[in-house]
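Below: the structure, in structure tokens.
In what follows, chains carry the letters A, B, and so on, assigned in the order in which the sequence lines appear, proteins first and then strands, with residues in each chain numbered from 1. All heavy atoms count here, side chains included; hydrogens, waters and symmetry mates do not.
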Protein chains: 2
Amino acid sequence: MSINTIFLDLSVYPTDIVEKLTIISTIKEALSNFIPGMKDAHSTNFEDGGFLLVLTASRDSFITVRGFPQGLVSINIEYFQEEGTEQLLTYEAVKQLETVLTNATGSKKSHKFPALQRGSKVDRYFVTSDGRIIEMDIDAVVFNEQSPYQRVQVLHSKTMGNLLVLDELQNLSERDLIYTETLMQRGKEDYSDKEIVILGGGDGALLYELLKEKPKFVTMLELDEVVMRACREHLRSCCGNCLDKLEDINYKIVIGDCVKSLDTMIAEGKTVDYVFGDLTDIPVSTSPQGEVWDFIRLILNKAMQVLKPTGKYMTHGNGTGNQTSLAMYENQLRNLKIPVEFTKDKAFIPSFLEDWVFYQVSPMKLK
Amino acid sequence: MSINTIFLDLSVYPTDIVEKLTIISTIKEALSNFIPGMKDAHSTNFEDGGFLLVLTASRDSFITVRGFPQGLVSINIEYFQEEGTEQLLTYEAVKQLETVLTNATGSKKSHKFPALQRGSKVDRYFVTSDGRIIEMDIDAVVFNEQSPYQRVQVLHSKTMGNLLVLDELQNLSERDLIYTETLMQRGKEDYSDKEIVILGGGDGALLYELLKEKPKFVTMLELDEVVMRACREHLRSCCGNCLDKLEDINYKIVIGDCVKSLDTMIAEGKTVDYVFGDLTDIPVSTSPQGEVWDFIRLILNKAMQVLKPTGKYMTHGNGTGNQTSLAMYENQLRNLKIPVEFTKDKAFIPSFLEDWVFYQVSPMKLK
């Protein structure tokens, strides 16, 4: 079951909106040929000359027609659809309705949207880091559990395969190998015989890909056991068998707070060749304040202390659409206790529908 | 300027909907803390136990709250935004509103959508072949002209670069090289010293990539001069300089009806190594009937007649989400005048947000 909401907008002559009666009857007549049982429910005139018309129709559907005096009309059609029942209005019918309305109103420009499905069991809609809507072809909820830290879901998309979703944010799909490869700069960095620490990385994809490069030892510090369980079971094309056990000859997974582990390493004077920051994304916010930013600063400062002078800190940034947020992050990098220099790279991530930025941070070389 | 429409949906107890008064006042109170100047405009009770509440608020905005007796509430907030003015409700505020509503109603599940922008000069919304919505980060209309055949637009997307849009359908962006490479099966087919005909291909991308493979001669048959002009000017990273002139030592572009040119070739007994079908996509329809299918059959039958027995017909199909439409196309292939066999390949096309299918069709070999 879902609530289906259909949109159609028309550009018309502003005078037609202000005079309103003709355009209202034209639109109502066109609509009534596509939607049976239409009845007037309400109308409002706004001070600026615009109007709002509310109609009800069969299947307890409702329609709003809003005229804006700037010469725009928005039409919203909303109805309930039980699983397996017919649509009130197919996308084909909406196309025909658009043509009829364009001819009847003399509209110079119009736009239609496929029905948005709301309130269904499976959420199909995601948001890019710059606030754009993405509708994925999700057809099943494979895993759904509230961990002590977050809502952990694995959804199945026909195009992307299984998709890890944490607190409604798409994290990694089976089609996103490029994410891990750009994060680790595959082909550009040499991991053979190196010591590596991963902060986070619960999906296991980074660990799995790094192990292919024959490192000396990888230590992964992940807090959320539920994420690992979800991925071990349902994202095996990303993490292989490396979440099946917590320890092997070349890696160890420590379940717990990575800050504690970093503190222990610092106290023991232990240093490594690479630290991966695979924790929370840089927040999309307008100022570098708040808990998440404090956490990012804390992690960066501690990570730098366990890096060899020749080491690198590798991490993900944000979408390229978020220049403000990226600039704020780079400002953090410029103000760490240990001075650093950094390079960046980007890649188009299929399930994100955007370019994502990745950072490679090194302790500043003495001149 | 644009009409902004914001959606929020809540799963609640069905009894709360049917009893309605408490839930209505709870939702109204939450909304009024986020949207100033709210006033009741109308309410409807539906026979099935649901309700519709219409409110108006500041900036001549309107809000509908629809309760469905299945335990769902849809909230739509719509307002007009002049260029450069503030949003009535930011996405951050919508997130807060969601939290407030969840706590106040005891909702077990909710979903929010970023504001959809309607009626603006630049259309940001596209549709996948299986009817899903895509919002691209379009920030400019680079080219916009009605040709005798179609609306030809080049839009600029921050992520995809310039994007060719024909009759509102995204065709090729500067990030879609994989489209052309999968169509031509780069690395799998040997074009060196071969004779090739392209039917359509007005964006010039296929011609440009084929010429890199040192063919003997490519003949391109394109009807729409406007598409070529748009791409020559604004899609140069796809077509290079190959649309700058209609003829060179290794290619010729014929502007006109490709059926006529195919007929001439058939009459003259001319055959080639490869024919590319780079015309209209397979329609998304439920039966293989109608003008477009007739055209597809006509083209296929004629193309086969100008192919050498060792030749291949290469073409694009449709999105993998359209199994019905793909099956219908394959049925056409099985019923051509000259019997054929075919293979297929697919690739994820960034600006399509889906996997696209490509066909390689050969005249049946005699056993």
Side-chain angles (χ1 to χ4, degrees), chain A residues 1-3 5 7 9-11 41-42 44 46-48 50 52 54 56 60 62 64 66 68 70-74 76 78 80 82 91-92 109 111-116 118-119 121 123-125 127-128 130-137 158-159 168 175 285 319-321 348 350 353-355, chain B residues 1-3 5 7 9-11 41-42 44 46-48 50 52 54 56 60 62 64 66 68 70-74 76 78 80 82 91-92 109 111-116 118-119 121 123-125 127-128 130-137 158-159 168 175 285 319-321 348 350 353-355:
Chain A
M1 66 182 198
S2 65
I3 305 165
T5 310
F7 280 165
D9 56 65
L10 295 170
S11 296
H42 170 76
T44 304
F46 291 100
E47 278 179 25
D48 67 359
L52 168 66
V54 182
T56 58
D60 282 358
F62 79 96
T64 60
R66 173 72 168 93
F68 294 90
Q70 291 83 355
L72 289 173
V73 176
S74 76
N76 306 348
E78 195 165 309
F80 191 83
E82 285 289 356
Y91 190 58
E92 270 317 301
K109 190 169 168 296
H111 201 84
K112 61 197 164 302
F113 294 71
L116 297 183
R118 307 160 65 181
K121 259 189 211 156
D123 283 324
R124 306 165 59 85
Y125 301 94
V127 183
T128 64
D130 57 339
R132 288 177 287 126
I133 190 170
I134 301 177
E135 181 179 359
M136 281 204 229
D137 49 1
K158 287 189 218 167
T159 303
E168 295 179 39
R175 294 294 286 271
S285 61
T320 52
F348 180 80
L353 190 60
E354 62 185 321
D355 284 327
Chain B
M1 63 183 199
S2 65
I3 304 165
T5 310
F7 280 163
D9 56 65
L10 296 169
S11 296
H42 169 77
T44 303
F46 292 100
E47 278 179 27
D48 66 0
L52 169 66
V54 183
T56 58
D60 283 358
F62 79 95
T64 60
R66 174 74 167 94
F68 294 89
Q70 290 82 357
L72 289 173
V73 177
S74 75
N76 306 348
E78 194 165 309
F80 191 83
E82 285 290 355
Y91 190 58
E92 269 318 301
K109 190 169 167 297
H111 202 84
K112 61 198 163 302
F113 294 71
L116 297 182
R118 306 160 65 181
K121 261 189 208 153
D123 282 326
R124 306 165 59 85
Y125 301 94
V127 182
T128 64
D130 57 340
R132 288 176 288 127
I133 190 170
I134 301 178
E135 181 179 358
M136 280 204 228
D137 48 2
K158 288 188 217 168
T159 304
E168 296 179 38
R175 295 291 289 270
S285 61
T320 51
F348 179 78
L353 191 59
E354 62 184 321
D355 284 327

Heavy-atom pair of closest approach, residues B:P114 and A:G131: CB-O, 3.1 Å

State, with a plain yes or no, whether a side-chain heavy atom of A:D60 is found less than 4.5 Å away from one of B:F68. no

What residue in A:T320, A:N76, A:V54 has the most heavy-atom pairs under 4.5 Å with chain B? A:N76

Looking at B:E354, B:K112, B:R175, which makes the most heavy-atom pairs under 4.5 Å with chain A? B:R175

Quick one: CG on B:D123 to CZ on A:F113, what's the gap to the nearest 0.5 Å? 7.5 Å

Could you check whether atom NZ of A:K121 has more than 12 heavy atoms from other residues, nucleotides or ligands sitting under 6.0 Å from it? no

Looking at every heavy atom in both A:P350 and B:L353, which two are closest together, and how far apart are they? O-CD1, 3.9 Å

Under the salt bridge (Lys or Arg N to Asp or Glu O under 4.0 Å) test, which residues partner A:R118, sequence neighbours left out? A:E78, B:D9

Specify which of B:T159, B:T56, B:I133 makes the most heavy-atom pairs with chain A at under 4.5 Å. B:I133

Side chain proximity check, A:T64 to B:F62, heavy atoms < 4.5 angstrom: yes

Interface moiety of B:T128 toward chain A, non-hydrogen atoms closer than 4.5 Å: neither

Heavy atoms only: give me the nearest B:T44-A:A41 pair and the separation to one decimal. OG1-CB, 4.4 Å

Name the region of A:L52, side chain, backbone, both or neither, that has any atom closer than 4.5 Å to a heavy atom of chain B. side chain

Residue pair A:R132 / B:E135: nearest heavy atoms and the distance that separates them: NH1-O, 3.0 Å

At a heavy-atom distance under 4.5 Å, which candidate from B:M136, B:R124, B:E47, B:K158 has the highest pair count against chain A? B:M136

Ring centers of B:Y125, A:F7 separated by less than 6.0 Å: no

For A:S74 and B:I3, the nearest pair of non-hydrogen atoms, with its separation, is CB-CD1, 3.8 Å

A:L116, part contacting chain B, at a heavy-atom distance under 4.5 Å: side chain

B:F348 portion near chain A, given a 4.5 angstrom heavy-atom threshold: both

Engaged part of A:T5 at the chain B interface, taking heavy atoms whose separation is under 4.5 Å: side chain

Residues in side-chain contact (heavy atoms from CB on, under 4.5 Å) with B:E82, at least two apart? A:Q70, B:M1, B:F80, B:T85

